[in-house]
Amino acid sequence: MELRFDPENPIYSHITTESQLNEAFDELEGLKVVGLDIEGTSLDPYDSTLLTVQIGTPEKSFIFDARELDLKEIPRLKEFLENSKIIKILHNGKFDYKHIKQHLGISVANVYDTMLTEAILNAGLRNSYYSLKDLSVKYTGIELKKSVRETFEYMTASSKLNDAQLKYGASDTLILFPIFEEQLKKLKKEGLIDIAKLEFATTRVVGDMELTGVNINVKKWKNIINDLSVERDNLAKKFQQEIRPYFKSNTIDLFGNIGDSININSQAQLMDLFNNKMGLNLPSTNDGILELSDNPIVKMLREYRGYEKLVSAFGDNLISKINSKTGRIHPEFNQLGAATGRFSCNNPNFQQIPRQSENAPFRSCFNPRPGYKLVTADYSTFEMRIMADLSGDKNLIDAFKRGVDVHSHTASLMFGLELTDNFKNDHPDERFAAKSINFGLMYGRGPSSLAKQIGVSPEVGKDYMNKYFRSYPGVKGYLEKVAKEAVKQGWSTTPAGRKRWYIKPDPSDPDYTRKIGHIERQAKNHPIQGTNADAIKYALVFLSDKIKEKNVDASIILTVHDEIVCEVREDQAEDWAKTQSEEMVRAGELFIKKVPVESQPFVADVWEH
């Protein structure tokens with residue numbers, strides 16, 4: 001590829017005066033596409049000092065010095081960056097968007113993100129994070145020198161930018177153009193332009209969501225963790241008491257207390273206990289193995305581990321993430337965290353926080369600031385509705401049209417039971433089996449896996465599966481079809497056009513059958529989970545637009561799976577709840593045509609659902 005700039009000596013203009021700035025914009029304002037990048041002293045926009053904003057053409061980069069110029073007070077910069085007719089190419093655009101929004105009060109419009117694009121083009125083949133250095137090598141053969149980046153962290157208000165730093169900043173905008181041009185060809189070839197546009201629109205919403213953050217009741221959180229710790233420690237003591245008879249001698253400490261017989265967290269010692277001393281013949285201490293055992297000591301270990309997991313996952317680690325300047329937690333949302341297009345979350349991971357329960361009421365600790373409410377809405381049995389729509393199965397579609405409980409409906413068909421209003425209470429085991437299969441099939445699970453979950457033999461599990469497919473023949477035909485097509489084509493797709501690729505094994509591979517089975521399971525899940533992801537992202541964009549359109553004092557603060565949470569001024573919360581539900585339904589109806597889409601909103605002082 002022939003470059004339009006010299007990587008060793010990129011052309012740049014270091015803008016430090018308003019007259020230089022006006023000259024720069026005289027050149028830039030007629031362009032349709034520019035490169036955009038920032039440099040700051042920290043990854044956190046609340047702790048960072050903004051050093052520069054770089055806007056590049058294919059040949060030259062204009063480096064606006066944020067310490068020499070009061071960029072927040074320059075209308076031309078704001079008008080330019082918020083101009084929806086000018087494409088701004090960025091890499092990991094959410095990072096730059098947040099810094100520019102926080103420091104300059106500017107919401108960059110019409111983003112093209114090279115990092116997100118690469119993830120879209122390689123979904124299923126690699127993880128979703130691609131560095132600019134990686135893409136530079138891939139598309140141009142140039143290896144960017146990233147060591148200069150660290151020097152920005154030590155800059156102060158009086159530090160002067162040197163030539164190496166200015167060249168580094170310039171290169172980061174200039175290299176974006178050849179990457180953009182090559183990626184755009186691929187997007188068009190694969191029919192992924194609309195998916196890319198959706199992701200680019202979503203990244204601005206996610207940037208705002210991360211900047212806003214979430215308020216948490218620290219005192220209440222610590223009390224919950226303390227209570228869980230007490231329960232965990234009591235279970236550990238009880239476990240040691242129960243296993244003591246299996247050991248001939250026990251240690252006694254200086255105070256006369258009997259010590260632990262084993263380390264409860266040591267797999268080797270647990271395996272020795274279960275197999276050599278108790279004769280349980282367990283292949284491992286993984287939870288999937290332990291859940292098959294009826295032994296009370298094994299059950300006690302699983303209960304202990306449940307508490308230990310809650311304490312370790314949600315203890316002081318989460319509280320430590322509270323930002324000292326905002327008093328809120330600002331998690332990171334990766335909008336392409338899975339190959340299906342679903343979000344992941346980290347630092348901390350709010351997707352791990354369980355639903356409300358009596359012993360772990362974590363969601364009750366998430367509260368709005370004074371004078372505001374939390375509005376929570378999710379999609380009701382959304383992935384089941386997607387499966388009904390995609391498969392066209394008449395019985396499943398009929399259940400949703402009639403508004404009956406779909407798991408009870410499934411159980412009634414499978415086991416020949418009357419579908420009564422009290423079915424859930426009258427036939428809990430049959431309903432649980434039906435629910436497990438309903439959800440399990442969407443993740444490509446087979447009879448053996450489902451049998452373990454339900455607690456029946458593999459033979460009974462297979463019989464249940466056959467009964468299920470006799471009840472919903474359209475589902476069986478659809479799942480088999482998408483699995484075969486994925487193996488044949490090497491990719492699967494959602495109705496919106498989101499693709500996921502698969503690496504097909506060679507027939508001579510001794511592991512060929514297992515690998516093909518893995519592809520088929522992923523392919524069954526992708527159109528369903530991917531459509532869920534597409535709908536949530538459209539909903540986020542719709543809601544963000546409505547907040548501006550209606551001038552509502554509201555912010556989107558969370559999205560977890562198929563749920564969206566907004567923080568809304570108290571007097572506007574009830575009206576907004578209706579809008580939030582309507583916009584989520586509107587997004588779902590872009591893809592779901594044969595069954596109704598439902599979204600029930602909740603207005604509360606806690607993260608409610």
Side-chain angles (χ1 to χ4, degrees), residues 205 209 214 342-343 350-351 353-357 361-364 366-368 372-389 396-410 419 421-425 431 435 438-439 442 528-529 531-547 550 552 554-609:
V205 184
M209 190 163 64
V214 180
R342 286 193 84 169
F343 278 94
F350 279 179
Q351 291 188 346
I353 293 172
R355 299 282 191 187
Q356 283 293 91
S357 65
F362 288 113
R363 289 193 173 203
S364 65
F366 290 81
N367 312 125
Y372 288 74
K373 294 283 187 181
L374 294 186
V375 179
T376 303
D378 72 352
Y379 286 113
S380 171
T381 52
F382 194 42
E383 292 193 350
M384 283 294 301
R385 292 171 193 268
I386 294 169
M387 186 163 75
D389 195 272
L396 196 52
I397 289 170
D398 180 60
F400 284 115
K401 282 186 172 179
R402 285 164 52 201
V404 298
D405 174 61
V406 70
H407 305 307
S408 297
H409 180 269
T410 302
L419 183 60
D421 293 339
N422 206 35
F423 190 95
K424 188 184 292 189
N425 295 323
R431 186 182 180 278
K435 183 177 180 180
N438 270 332
F439 287 122
M442 292 186 290
I528 297 167
Q529 195 178 98
T531 297
N532 190 338
D534 293 337
I536 277 289
K537 288 172 182 178
Y538 271 106
L540 288 169
V541 174
F542 289 169
L543 290 172
S544 179
D545 289 345
K546 279 291 177 185
I547 287 171
K550 293 192 168 189
V552 182
S555 302
I556 303 169
I557 61 169
L558 277 175
T559 180
V560 175
H561 304 309
D562 53 9
E563 180 177 19
I564 297 174
V565 185
C566 293
E567 188 172 31
V568 190
R569 201 175 72 206
E570 196 165 3
D571 62 321
Q572 298 178 323
E574 290 293 341
D575 285 342
W576 175 255
K578 294 174 191 156
T579 300
Q580 184 167 328
S581 178
E582 288 167 0
E583 292 305 301
M584 289 180 71
V585 168
R586 179 162 77 99
E589 288 176 345
L590 293 174
F591 314 106
I592 308 301
K593 308 291 186 183
K594 301 177 185 130
V595 298
V597 177
E598 293 182 3
S599 176
Q600 182 69 40
F602 296 87
V603 178
D605 293 316
V606 298
W607 179 8
E608 180 70 51
H609 190 69

Stepwise, does the side chain to side chain donor-acceptor pair (under 3.5 Å) test hold for Gln572 with Trp576?
CA-CA 6 Å; Gln572 298 178 323; Trp576 175 255; over 6 Å; no

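- Under the ring-ring contact (aromatic ring centres under 6.0 Å, His included) criterion, Tyr379 pairs with Phe382, not counting sequence neighbours.
- Qualifying side-chain contact (heavy atoms from CB on, under 4.5 Å) partners for Glu583, counting only residues two or more places apart in sequence or in other chains: Phe542, Leu543, Lys546, Thr579, Arg586.
- Rounded to the nearest 0.5 Å, atoms CD1 (Ile536) and OG1 (Thr531) are 12.5 Å apart.
- Atom NZ of Lys424 and atom NZ of Lys435 lie 7.5 Å apart (nearest 0.5 Å).
- Heavy-atom minimum distance, Val603 versus Ala573: CG1-CB, 3.8 Å.
- With values rounded to the nearest 0.5 angstrom, Gln529 atom CD is found 13.5 Å from Met387 atom CE.
- The side-chain heavy atoms of Arg402 and Leu419, taken from C-beta on, include a pair separated by under 4.5 Å.
- Using a 4.5 Å heavy-atom cutoff, the side chains of Val568 and Lys373 are not in contact.
- Across all their heavy atoms, Pro354 and Arg363 have their closest contact at O-NE, 3.6 Å.
- Residues Glu570 and Tyr372 form no side-chain contact, since every pair of their non-hydrogen atoms from C-beta on lies 4.5 Å or further apart.
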Donor-acceptor list for residues 587-595 side chains, cut-off 3.5 Å, not counting sequence neighbours:
residue: Lys593; atom: NZ; partner: Glu589; partner atom: O; Å: 3.0
residue: Lys594; atom: NZ; partner: Asp389; partner atom: O; Å: 2.9

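- The two residues Cys566 and Ile556 come nearest to each other via the heavy atoms SG-CG1, 3.9 Å.
- Rounded to the nearest 0.5 angstrom, Asp562 CG and Arg342 CZ are separated by 6.5 Å.
- Aromatic ring pairs are classed by plane angle as parallel below 30°, tilted from 30° to 60° and perpendicular above 60°; the pair Phe366 and Trp607 is perpendicular.
- Around atom CG of Asp421, no more than 12 heavy atoms belonging to other residues, nucleotides or ligands sit under 6.0 Å away.
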Between Val565 and Thr559, does a side-chain contact (heavy atoms from CB on, under 4.5 Å) hold up when you go through it step by step?
CA-CA 6 Å; Val565 185; Thr559 180; over 6 Å; no

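- Between the CZ atom in Phe602 and the CD atom in Glu563 there is a gap of 9.5 Å [rounded to 0.5 Å].
- Ser599 contributes a side-chain N or O that, together with a main-chain N or O of Asp378, makes up a donor-acceptor pair within less than 3.5 Å.
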Evaluate side-chain contact (heavy atoms from CB on, under 4.5 Å) for Leu374 paired with Ile557, printing each intermediate quantity in order.
CA-CA 9 Å; Leu374 294 186; Ile557 61 169; 3.7 Å; yes

When you look at Asp405 and Phe423, which way does the side-chain contact (heavy atoms from CB on, under 4.5 Å) test go after all the steps?
CA-CA 9 Å; Asp405 174 61; Phe423 190 95; 6.0 Å; no

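- Residues Ala539 and Ile564 come closest through the heavy atom pair CB-CD1, 3.9 Å.
- A salt bridge between Lys550 and Glu582 is absent, with no side-chain N of the basic residue lying under 4.0 Å from a carboxylate O of the acidic one.
- Between Val406 and Met384 the shortest heavy-atom distance is CG2-CE, 4.0 Å.
- Between Glu567 and Pro368, the shortest heavy-atom distance links the atoms OE2-CA, 3.1 Å.
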Test Lys578 against Glu574 for side-chain contact (heavy atoms from CB on, under 4.5 Å), laying out the working first.
CA-CA 7 Å; Lys578 294 174 191 156; Glu574 290 293 341; 5.8 Å; no

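- Ion pairing between Glu598 and Arg385 holds under the 4.0 Å rule for side-chain N and carboxylate O.
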